[in-house]
K.L.:
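Before I ask anything, here is the structure I am working with.
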Amino acid sequence: MMRYSKGYSDATPANRLRPIILIVLVLALAFLIFKLAGVGGINEGNFEIQRNSELRSEVQNAVSSVNSLSRLGSSSTSGMLGRVRQYVHGVEVINDLNTGMYGEIGRLYPQSVFDNIYTIIDEYEAKLSSGQKVSDVLSRLSEAVNDLNDRTFTVLGLSGNAPAQ
């Protein structure tokens, strides 16, 4: 008659490790397959193409909106200023996303560029609402947005000072 002894097992240490090693290998293989397929990763080339396209679009819209602002201060000017702010904010968001992706080295524009434009827009709105002359502020706004356009061409590596497309 055989007695059962405590702790006795037919499994050797190698037999006990085999399922664990097999599971680890399957997980590692699955990870490699997903990584090579691009699942969960960022396609950097596609990101840059989309980023550049959106930058050009936002800056072009900002430039065209500033160019269509009336120097006389019509009733639609306030709405147009809101659109300019929206397009500039779009560029700022892309700048922040790029900084988030690549760290501080990925910053496309200094924050002061956006702060300057927002300050000019606020001043424009204040003068517009109080009925003051806005032509000088409009000129400054136009210069600031054109500077943003020039910086965008530099960021995108485009030559010349053509309007953003």
Side-chain angles (χ1 to χ4, degrees), residues 1-68 79-125 141-165:
M1 180 178 229
M2 216 171 190
R3 290 174 76 190
Y4 175 76
S5 66
K6 203 174 192 182
Y8 175 75
S9 172
D10 286 339
T12 64
N15 288 341
R16 280 185 259 159
L17 287 178
R18 194 170 293 158
I20 295 171
I21 292 171
L22 184 63
I23 290 171
V24 169
L25 286 174
V26 168
L27 289 175
L29 183 62
F31 173 76
L32 287 174
I33 290 171
F34 285 130
K35 189 71 172 169
L36 291 174
V39 175
I42 295 175
N43 182 336
E44 191 171 330
N46 188 38
F47 170 75
E48 288 182 8
I49 290 168
Q50 293 297 320
R51 178 201 65 198
N52 294 350
S53 173
E54 290 300 317
L55 278 175
R56 283 192 303 267
S57 175
E58 294 294 315
V59 170
Q60 177 187 15
N61 289 332
V63 169
S64 66
S65 295
V66 168
N67 289 338
S68 67
M80 189 62 70
L81 280 173
R83 283 193 285 276
V84 171
R85 186 185 299 270
Q86 170 190 334
Y87 297 133
V88 171
H89 180 69
V91 175
E92 183 179 20
V93 167
I94 293 169
N95 187 48
D96 290 343
L97 285 173
N98 208 63
T99 305
M101 289 284 299
Y102 300 112
E104 200 57 37
I105 191 91
R107 183 169 299 282
L108 303 172
Y109 312 92
Q111 185 61 40
S112 61
V113 170
F114 304 110
D115 294 342
N116 180 44
I117 293 174
Y118 295 143
T119 300
I120 294 170
I121 290 173
D122 291 342
E123 184 180 346
Y124 194 117
E125 288 175 331
L141 180 60
S142 181
E143 288 172 12
V145 170
N146 284 328
D147 176 56
L148 181 63
N149 186 35
D150 293 344
R151 287 175 183 263
T152 300
F153 269 83
T154 302
V155 162
L156 299 178
L158 302 173
S159 61
N161 190 7
Q165 295 181 358

K.L.:
Less than 4.5 Å apart, side chain to side chain, heavy atoms only: is that true for E125 and D122?
P.N.:
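Yes, their side chains come closer than 4.5 Å.
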
K.L.:
Can you confirm whether V113 sits close enough to V91 that some side-chain heavy atom of one is under 4.5 Å from a side-chain heavy atom of the other?
P.N.:
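No, every pair of side-chain atoms sits at 4.5 Å or beyond.
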
K.L.:
Any donor-acceptor pair under 3.5 Å linking the side chain of N146 with the backbone of S142?
P.N.:
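Yes.
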
K.L.:
Find the distance between CD1 (I94) and OG1 (T99) and round it off to the nearest 0.5 Å.
P.N.:
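Reported to 0.5 Å precision, the distance equals 11.5 Å.
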
K.L.:
Evaluate the side chain to side chain contact (heavy atoms under 4.5 Å, CB included) criterion for residues Q50 and F47: first the C-alpha distance (whole Å), next the side-chain angles of each, then the deciding distance (0.1 Å), finally the verdict.
P.N.:
CA-CA 5 Å; Q50 293 297 320; F47 170 75; 6.0 Å; no

K.L.:
For the CD atom of E92 and the CG atom of L108, what is their distance to the nearest 0.5 Å?
P.N.:
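Reported value, rounded in 0.5 Å steps: 12.0 Å.
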
K.L.:
How many angstroms lie between atom CD1 of I20 and atom CG of L25, to the nearest 0.5 angstrom?
P.N.:
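With rounding to 0.5 Å, CD1 (I20) is 12.0 Å from CG (L25).
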
K.L.:
What is the minimum heavy-atom distance between S65 and M80, and which atoms define it?
P.N.:
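In this case the closest contact between S65 and M80 is O-CG, 3.5 Å.
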
K.L.:
How far apart are the closest heavy atoms of A144 and I117, and which atoms are they?
P.N.:
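Result for this residue pair: CB-CG1, 3.7 Å.
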
K.L.:
For residues L55 and R151, determine if any side-chain heavy atom of one lies less than 4.5 Å from a side-chain heavy atom of the other.
P.N.:
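No. Closest side-chain heavy atoms not under 4.5 Å.
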
K.L.:
Do R107 and N98 make a side-chain contact, defined as non-hydrogen atoms from C-beta onward lying under 4.5 Å apart?
P.N.:
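No, side chains not in contact.
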
K.L.:
Does some side-chain heavy atom of S53 sit less than 4.5 Å from a side-chain heavy atom of I49?
P.N.:
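In short, these two side chains do not touch, never coming nearer than 4.5 Å.
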
K.L.:
Measuring from atom CG of L156 to atom CD of E48, what distance do you get when rounded to the nearest 0.5 angstrom?
P.N.:
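Atom-to-atom, L156:CG and E48:CD are 10.5 Å apart.
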
K.L.:
Quick one: CZ on R56 to CZ on F153, what's the gap to the nearest 0.5 Å?
P.N.:
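Result: 8.5 Å between the selected atoms.
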
K.L.:
Would you give the length of the straight line joining atom CG of L81 to atom CD1 of I121, rounded to the nearest 0.5 angstrom?
P.N.:
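Here the rounded value is 6.5 Å.
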
K.L.:
Looking at side-chain heavy atoms only, is the closest gap between Y87 and V145 below 4.5 Å?
P.N.:
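Of all side-chain heavy-atom pairs linking V145 with Y87, none is under 4.5 Å.
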
K.L.:
Can E58 and Q86 be counted as having a side-chain donor-acceptor contact under 3.5 angstrom?
P.N.:
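Not at all, the side chains of E58 and Q86 share no donor-acceptor pair under 3.5 Å.
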
